[in-house]
Amino acid sequence: MIDFKDIKEKEILIDFANEFGDSKISEVIESGVSSEEEASALAKFYWKIVDETVDRKDMDYVLEKIYTTLHIHCGNAGYSDVWDNEIP
């Protein structure tokens, strides 16, 4: 399970997963990563959000919080290298 410090982080991720039609990512957001493939997909999903919101300055702070949460989660699950390899 991903330990979100602020429920808004999770809400934003779920909203984007729904917007992108990505039900697998919705499941990962709910249950956490359990494989390299999921960690990679989660990282790619995060960077897709960043790309989609590049002109929205109101997202900068929350995206930083989300990055930290997801990076720590992937690291704790043993997939920090997988996460880091997806950084554009």
Side-chain angles (χ1 to χ4, degrees):
M1 173 182 280
I2 300 173
D3 183 22
F4 292 99
K5 301 296 183 214
D6 183 344
I7 191 65
K8 185 147 182 85
E9 295 175 49
K10 183 177 180 180
E11 291 170 354
I12 288 169
L13 291 173
I14 294 293
D15 287 346
F16 276 103
N18 290 335
E19 181 179 324
F20 300 155
D22 197 332
S23 61
K24 287 190 178 219
I25 285 296
S26 294
E27 293 174 18
V28 171
I29 293 166
E30 292 296 336
S31 61
V33 296
S34 60
S35 69
E36 286 187 19
E37 293 78 19
E38 287 179 352
S40 176
L42 185 62
K44 288 176 183 176
F45 170 72
Y46 172 80
W47 291 110
K48 184 175 180 180
I49 293 171
V50 170
D51 288 343
E52 294 287 322
T53 61
V54 72
D55 293 329
R56 292 180 51 190
K57 296 300 178 197
D58 62 320
M59 292 290 292
D60 288 351
Y61 177 71
V62 74
L63 286 174
E64 288 180 30
K65 288 177 63 174
I66 290 171
Y67 177 91
T68 300
T69 298
L70 298 180
H71 185 256
I72 289 170
H73 173 73
C74 287
N76 288 345
Y79 303 112
S80 60
D81 289 342
V82 175
W83 175 272
D84 290 344
N85 288 336
E86 295 299 341
I87 296 172

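Below, all heavy atoms of this structure are taken into account, side chains as well, without hydrogens, waters or symmetry copies. Since the structure is predicted, the reported quantities are computational estimates derived from the model, not experimental observations.
Scanning all heavy atoms of the two residues, the minimum distance from D3 to K5 falls at OD2-NZ, 3.1 Å. The two residues F45 and A17 have their closest heavy-atom pair at CZ-N, 3.6 Å. Minimum heavy-atom separation, K44 to E86: CE-OE1, 3.1 Å. Scanning all heavy atoms of the two residues, the minimum distance from A39 to W83 falls at O-CE3, 4.4 Å.
Summarising the geometry, atom CG belonging to L42 is positioned 7.0 Å from atom CD1 belonging to I29; distances are rounded to the nearest 0.5 Å. A distance of 9.5 Å separates CD1 in I66 from NZ in K8, rounded to the nearest 0.5 Å. Atoms CD1 and NZ, on I25 and K48 in that order, are 10.0 Å from each other to the nearest 0.5 Å. Of the inter-residue distances, the one linking D15 atom CG with F20 atom CZ reads 10.5 Å to the nearest 0.5 angstrom. Once rounded to the nearest 0.5 Å, the distance linking CD of E37 with OH of Y79 reads 8.0 Å.
Using modelled atom types, one side-chain atom of Y46 and one backbone atom of L63 make a donor-acceptor pair closer than 3.5 Å. Between the side chain of S40 and the backbone N or O of E36, no donor-acceptor pair lies under 3.5 Å.
Inter-residue side-chain proximity for V50 and E52 is flagged as unmet; no heavy-atom pair is nearer than 4.5 Å.
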Side-chain atoms of residues 68-78: list all donor-acceptor pairs with protein atoms under 3.5 Å, sequence neighbours left out, distances to 0.1 Å.
from, atom 1, to, atom 2, distance (Å)
T68, OG1, E64, O, 3.0
T69, OG1, E9, OE1, 2.6
T69, OG1, K65, O, 3.0
H71, NE2, D84, OD1, 3.1
H73, NE2, V33, N, 3.0

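Put simply, I87 and L13 are part of the same group of oily side chains (I, L, V, M, F, W, Y) that touch within less than 4.5 Å, one to the next.
With F16 as the fixed residue, the side chain to side chain contact (heavy atoms under 4.5 Å, CB included) test singles out one of N18, I12, I14: I12.
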